[in-house]
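Notes for the one structure printed next.
Note that the coordinates shown come from a computational prediction; the quantities given were computed from them, not determined experimentally. One-based numbering, in listed order, for ligands and for the atoms of each.
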Amino acid sequence: MTGPVYERVALIGLGLIASSIYWAIKRHPGLAGEVTGYARSQETRDTAKRIGLCDRVCDTAVEAVQDADLVILCVPVGVMGQVTEEISEHLKPGCTVSDVGSVKRDVISNVLPHLPENVAFVPAHPLAGTEHSGPESGFAELFDNRWCLLVPVEGTAPETVAKLRHFWEGLGANVEEMDADHHDLVLAVTSHTPHLIAYTMVGVADDLRRVTDSEVVKYSAAGFRDFTRIAASDPTMWRDVFLTNRDATLEILGRFTEELFALQRAIRKGDGDHLHAYFTRTRAIRRGIIDAGQDTDAPDFGRGQKARK
Ligand code: NAP
């Protein structure tokens, strides 16, 4: 019988993504032998122990990475470099370090310089999440049929990347490789800018003192209510995303503003043809997402059950 994909896995940071990784590993015992975990606060470590998150919860990151064959950095993007510096001298020679950060170019430039030469770095980003955070928010199905993008750095052995791919496929994800800059641009379009728009829309409604108005909430259905759900996402994580994916986000925001002005003009001029053509095109995009199995047609976007976990 062959052993697990990685004998020992260390999760640094024990929030939504790390806890989901752990529960997904437990669903598929062939992926890891022992899983250690570390988070910066005693409170999170105590919670992890209480709910059985990780086989062993450690008091320091250094202890958690001892003898680990795979170390996954599951902390906010802004502290990836600092955490790597803390553990770098204690990494097992030949091990793989990976991460789950939502931005890739910045993480690579902050993590790579701290790593010894005998350690491989294979950045990763699972395109799955909810607006919840913390050790109790994870669930084993989070990555099922979602994409996980691997962003290997130059010179990484193909078998090292293949092993991590195998691991993520075992967690339920579909895996693809992508270049770091392309990743950051794609994510600026599909995730980062939409989040910023949701934050803005909720902020505007609040400025108008309408957001807590019971009628607004009661009749908002999936439109505004979905914005408020997205705008409830973790402030630290999203601050770091915008600070570290600045160029791509600003580029997409520029394009967005132009389109918004065009729609504004069409409304002012009563140009129904423009509006109809535009909305027909966007409806087809939505259809494509459903056909690709990346969302459901359910009125609550299929998130209801998981998001409330
Ligand atoms: P989370 O639930 O807020 O958890 C973050 C964890 O990092 C917490 O356990 C926190 O510890 C720990 N942490 C923060 N600073 C630390 C430090 N300096 N040293 C050690 N631990 C530290 O966050 P998450 O949603 O899992 O996100 C983690 C990463 O995944 C981020 O890089 C994010 O960009 C990425 N990501 C998130 C999503 C999403 O939708 N949430 C999706 C894909 C990727 P304490 O609890 O002790 O503060």
Side-chain angles (χ1 to χ4, degrees), residues 10-24 36-51 53-54 57-65 71-88 97-108 110-111 114 123-139 142-144 146-151 168 171-173 183-184 186-188 190-192 194-195 198-199 229-245 249 294 303 306-307 309:
L11 302 174
I12 307 299
L14 293 173
L16 168 71
I17 301 297
S19 55
S20 298
I21 292 175
Y22 181 71
W23 301 126
T36 57
Y38 166 77
R40 117 195 106 159
S41 73
Q42 186 66 49
E43 190 188 346
T44 298
R45 299 199 294 271
D46 287 344
T47 304
K49 283 180 193 162
R50 178 172 54 76
I51 64 174
L53 171 60
C54 293
V57 178
C58 302
D59 287 329
T60 64
V62 167
E63 188 191 335
V65 303
V71 175
I72 311 180
L73 308 173
C74 306
V75 296
V77 168
V79 293
M80 293 276 183
Q82 178 197 316
V83 170
T84 311
E85 195 176 3
E86 217 177 298
I87 59 173
S88 60
V97 172
S98 186
D99 77 304
V100 292
S102 306
V103 175
K104 294 276 66 99
R105 176 59 65 199
D106 185 87
V107 168
I108 293 171
N110 284 305
V111 167
H114 297 297
H125 180 200
L127 307 188
T130 73
E131 70 277 27
H132 301 294
S133 48
E136 295 185 272
S137 56
F139 50 97
L142 180 65
F143 309 113
D144 285 353
R146 297 290 170 219
W147 288 106
C148 179
L149 300 177
L150 299 186
V151 184
W168 272 103
L171 298 181
H183 166 278
D184 289 356
V186 168
L187 265 292
T190 57
S191 169
H192 304 168
H195 269 80
Y199 281 125
R229 186 186 63 74
I230 295 169
S233 300
D234 187 67
T236 305
M237 168 184 157
W238 284 97
R239 177 202 61 195
D240 286 2
V241 164
F242 294 117
L243 292 181
T244 56
N245 197 20
T249 310
Q294 291 299 303
R303 294 189 193 97
K306 287 178 181 174
K309 273 202 157 186

What are the polar N/O contacts of ligand 1 with the protein below 3.5 Å, with distances?
unit_1	atom_1	unit_2	atom_2	d
ligand 1	2 (O)	Leu16	N	2.9
ligand 1	2 (O)	Gly134	N	2.8
ligand 1	9 (O)	Leu14	N	2.8
ligand 1	26 (O)	Leu16	N	3.1
ligand 1	26 (O)	Ile17	N	2.9
ligand 1	32 (O)	Val75	O	2.7
ligand 1	34 (O)	Ser102	N	3.2
ligand 1	34 (O)	Ser102	OG	2.7
ligand 1	36 (N)	Ser102	OG	3.4
ligand 1	46 (O)	Thr44	OG1	2.6
ligand 1	47 (O)	Ser41	N	2.7
ligand 1	47 (O)	Ser41	OG	2.7
ligand 1	47 (O)	Thr44	OG1	3.3
ligand 1	48 (O)	Arg40	NE	3.2
ligand 1	48 (O)	Arg40	NH2	2.8

- When rounded to the nearest 0.5 angstrom, what is the spacing between CZ in Arg229 and OG1 in Thr130?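 Answer rounded to 0.5 Å: 8.0 Å.
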- Item | Rounded distance (nearest 0.5 Å) linking atom CG of Leu14 with atom SG of Cys58 |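 The SG atom of Cys58 is 9.5 Å from CG of Leu14, to the nearest 0.5 Å.
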- Task: Can you sort out the partners of Asp184 under salt bridge (charged side-chain N to carboxylate O under 4.0 Å, His left out), two or more places apart, ordered by chain and number?
- Result: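 Scan of Asp184 (salt bridge (charged side-chain N to carboxylate O under 4.0 Å, His left out), adjacent residues dropped) gives none.
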- Validation row: Thr47, Glu136 side chains within 4.5 angstrom (heavy atoms):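 Yes; the side chains approach each other to less than 4.5 Å.
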- Message: Test your reading of the model: is there a side-chain donor-acceptor pair from Asn110 to the backbone of Asp106, 3.5 Å cut-off?
- Response: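 Pair found, side chain donor or acceptor close to backbone of Asp106.
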- Would you call the rings of His195 and Trp238 parallel, tilted or perpendicular if under 30° counts as parallel and over 60° as perpendicular?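 Geometry flag for Trp238 against His195: parallel rings.
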